[in-house]
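Each chain gets a letter, A, B and so on, in the order the sequences are listed, and its residues count up from 1.
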Amino acid sequence: MTGIMTEKTALSVRDMIVTFDEYVALDHVSVDVATGESFGIVGESGSGKSTLLRAVAGLNRFDSGALAVDGRSYSSGRRDKEFYRTVQMVFQDPYGSLHPRQTVDRLLLEPLVIHGFDDIDVRIARALDEVGLGAGFRFRYSHQLSGGQRQRIAIARALILEPKILLLDEPTSALDASIQAEILNLLEQARKDRNLTFVMVSHDLGVISHMCERVAVMKSGKIVETVPVEALEKREFSADYTRQLLVASEGFRRG
Amino acid sequence: MTAPLLTVDDLRVTFPTRTGEIQAVRGVSFTLGKERLGIVGESGSGKSQTGRAIMGLTPGHARITASKLEFDGIDLLKVTPKQRRDLRGKRIGMILQDPKYSLNPVMTIGKQIIETLLAHEKISRSEARDRALKMLEQVQIRDPERVFGLYPNEVSGGMGQRVMIAMMLICGPELLIADEPTSALDVTVQLDVLSILDKLVAERGMGLVFISHDLRLVSSFCDRVIVMYAGRIVEELPSADLAQAKHPYTQGLLNCLPTIGTDRHPLPVLERKVEWSA
Ligand SMILES: Nc1ncnc2c1ncn2[C@@H]1O[C@H](COP(=O)(O)OP(=O)(O)OP(=O)(O)O)[C@@H](O)[C@H]1O
Ligand SMILES: Nc1ncnc2c1ncn2[C@@H]1O[C@H](COP(=O)(O)OP(=O)(O)OP(=O)(O)O)[C@@H](O)[C@H]1O
Ligand SMILES: [Mg+2]
Ligand SMILES: [Mg+2]
């Protein structure tokens, strides 16, 4: 525990390398995220954003580099139960992460039981309510849900364990603007109430600038720059890609 | 006026469940010509189920009714399974919302695209391979040769989405239903994909149903927009007039987007009225 008190770093990644066969998906990536900070990651498709989150969560191995989470060091291998009590992840692809033949109730119940929570019933009801899905959804199978409903179950499942660190991979990209606003408010409130740390991948610069304090820009497996989000507004950044993202975020132009 | 490519009149999709019926689509009507029609709407409002019904991909136990569901003079509610298979992919294509889930997990991406192509056209394997690689390049896949040999679980979210797009476009359908085709793509690639779709509509006269929750994108890309709420169409308007939307749901949507440089914590949220889902 002492490590956590002196270290105000929630997450520290040093020189991480991940390869798949010959392909280098993460190339000497280093990131430090302070406790209570909300850290954004943007970057082109295939640049390694999900790979980075997955490596932190123990779902990809990493070839070399160091990883410390909440004051504890982790190797490339599997994570223990305690890790998942501290860190939860919302996956980019809710179809893959939720078992289709399980009911919503079962999906939310399981993590609570594994980690020995009490008041299970109340927690499930509240979690559903928080993501705008009423009691009517509790006994539906996940294959009976729309894309956005599934995504919200994935978010509820991550929040229900009250982790300290949330890894969010495109958490709202499947949601319409009204539900997105509700989910972003919910995440912000949870962060305020419990001093949570967020690492959030999104391709929506509006969402990043609303939710995060700093943002890293990735390209070809590398972090090419890290800037405070105010830099987006003032257009003070150096990477060309960041500039393209900003222009493109204004909409489609024919011709 | 010529007959529209697609006519949907009073479409209803109902799921019987143990706890009662779920009415996913409750009387949706629209027609589509060689144009870009956007469908936006709340999560769970029936957008995907509308697309799936047209495509014949509604789960078997669901009930579909319509006073008309017609594609180029063909009654889609009465087609035989064989006719369905011939339509699907060749004349009507759909990019599903869950791209990686819809791809075959045990076949490499390259093989899947080639098989799709060979099922519809009489060409040699090597020609199919060249066309498949070229299509991947067009959707801005950086390293098509590498991606060709990967399995669906080995590509990123945005790459999976583009593979699905490539697979649908390679057959040149007359009607394309694209369900959130660009939601996993960063904006720069998004615009490239939209340009491809745009060209197909303009040059080949394809009809496009573009389902998306991204209002900015829909308003700048589509000709017309349908707004859905709780299984129904609550508003239909030209994209250019989206800012003048009448329905409080549509108006509310425009107001709750986070933008760069504004500081609104918490974001405004909609106050949903029961009468919206009446
Ligand atoms: N299991 C794997 N086997 C082979 N290559 C992989 C594997 N997992 C990821 N990759 C490759 O690593 C690269 C980075 O993928 P990653 O999913 O991290 O991208 P991303 O930045 O999250 O992109 P997106 O925005 O499209 O989700 C991609 O080129 C992908 O093909
Ligand atoms: N197999 C099923 N059984 C029961 N209900 C279902 C089934 N599939 C979908 N539904 C319900 O039908 C409604 C419409 O679903 P649909 O997938 O069309 O929504 P959507 O508008 O595409 O939403 P999203 O933007 O979240 O993808 C939802 O409320 C959903 O829960
Ligand atoms: Mg990703
Ligand atoms: Mg949908």
Side-chain angles (χ1 to χ4, degrees), chain A residues 20 23 42-51 92-96 132 136 139-140 143-149 151-152 169-170 173-182 184-185 188-189 203-211 229 232-233 241 244-254, chain B residues 15 17-19 22 40-45 47-49 97-98 100-101 140-142 146 153-160 162 179-180 183-191 194 198 213 215-217 219-221 249 252-254 256-262 264-270 272:
Chain A
F20 299 105
Y23 186 78
V42 300
E44 62 186 56
S45 174
S47 60
K49 306 178 297 291
S50 300
T51 303
Q92 181 172 13
D93 166 23
Y95 291 90
F139 295 98
R140 288 245 204 126
H143 72 86
Q144 298 177 317
L145 301 174
S146 77
Q149 289 165 348
Q151 180 70 316
R152 285 182 276 165
D169 198 352
E170 303 278 5
S173 66
L175 303 176
D176 68 282
S178 67
I179 307 271
Q180 168 172 278
E182 286 162 25
L184 295 181
N185 289 345
E188 276 208 307
Q189 192 60 45
H203 55 75
D204 186 332
L205 288 181
V207 169
I208 291 282
S209 89
H210 180 78
M211 293 294 288
V229 287
L232 294 178
E233 191 185 337
Y241 178 70
Q244 284 170 27
L245 268 185
L246 263 185
V247 173
S249 67
E250 280 150 17
F252 180 76
R253 284 208 196 84
R254 200 152 275 126
Chain B
F15 293 94
T17 70
R18 274 177 303 162
T19 48
I22 295 168
V40 300
E42 182 149 85
S43 167
S45 61
K47 305 183 294 296
S48 298
Q49 290 301 336
Q97 189 174 4
D98 44 352
K100 277 164 87 175
Y101 198 68
Q140 307 296 324
I141 294 278
R142 269 174 184 267
R146 181 179 81 91
N153 72 314
E154 298 176 332
V155 297
S156 77
M159 286 155 74
R162 282 175 286 163
D179 193 356
E180 304 279 5
S183 66
L185 300 182
D186 64 285
V187 259
T188 55
V189 179
Q190 213 170 51
L191 298 189
L194 292 185
D198 203 45
H213 57 80
L215 282 178
R216 266 177 293 206
L217 207 62
S219 66
S220 56
F221 178 67
Y249 169 71
L253 274 187
L254 295 164
C256 48
L257 285 172
T259 52
I260 297 170
T262 51
R264 300 185 299 169
H265 298 267
L267 287 166
V269 294
L270 278 181
R272 298 182 178 76

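Here B:Ile22 is the residue among B:Thr19, B:Ile22, B:Leu254, B:Thr262 with the most heavy-atom pairs under 4.5 Å with chain A. For the options B:Arg162, B:Gln49, B:Arg18, heavy-atom pairs under 4.5 Å to chain A are most numerous at B:Arg162. When the candidates A:Gly206, A:Gly147, A:Ser47 are compared by the number of heavy-atom contacts under 4.5 Å with chain B, A:Gly206 comes out ahead. With chain A as partner, the option from B:Gly160, B:Pro266, B:Ser48 having the largest number of non-hydrogen pairs under 4.5 angstrom is B:Pro266. Chain A forms more heavy-atom pairs under 4.5 Å with one residue of B:Gly158, B:Pro268, B:Pro258 than with any other, namely B:Pro258. The most heavy-atom pairs under 4.5 Å with chain B, out of A:Arg152, A:Lys49, A:Gln144, come from A:Arg152. Top candidate by heavy-atom pairs under 4.5 Å with chain B, chosen from A:Ile179, A:Leu175, A:Val207, is A:Leu175.
Residue A:Gln92 touches chain B through its side chain alone, counting heavy-atom pairs closer than 4.5 Å. Of the atoms belonging to A:Ser178, heavy atoms from both backbone and side chain fall under 4.5 Å from chain B. Of the atoms belonging to B:Leu253, heavy atoms from both backbone and side chain fall under 4.5 Å from chain A. Of the atoms belonging to A:Glu182, heavy atoms from both backbone and side chain fall under 4.5 Å from chain B. Of the atoms belonging to B:Phe15, not a single heavy atom falls under 4.5 Å from chain A. Residue contact with chain B, scored on non-hydrogen atoms closer than 4.5 Å, involves the side chain of A:Asp204 exclusively. A:Phe139 touches chain B through its backbone: at least one of N, CA, C or O sits under 4.5 Å from a heavy atom, while the side chain does not.
Side-chain atoms of B:Arg146 and A:Tyr23, non-hydrogen and from C-beta on, do get closer than 4.5 Å to each other. Proximity of B:His213 to A:Gln180: side-chain heavy atoms (C-beta onward) are nowhere separated by under 4.5 Å. Proximity of A:Asp176 to B:Val40: side-chain heavy atoms (C-beta onward) are nowhere separated by under 4.5 Å. In this structure, the side chains of A:His203 and B:Leu185 stay at 4.5 Å or more apart for every pair of heavy atoms.
Taking every heavy atom of both residues into account, B:Leu267 and A:Leu184 meet most closely at CD1-CD1, 3.9 Å. Between B:Gly44 and A:Ser146 the shortest heavy-atom distance is N-OG, 3.5 Å.
Rounding to the nearest 0.5 angstrom, the gap separating the NE2 atom in A:His210 from the OG1 atom in B:Thr259 is 9.5 Å.
The residue from B:Arg142, B:Gln140, B:Met159 that alone fulfils the side-chain contact (heavy atoms from CB on, under 4.5 Å) condition with A:Ser45 is B:Met159.
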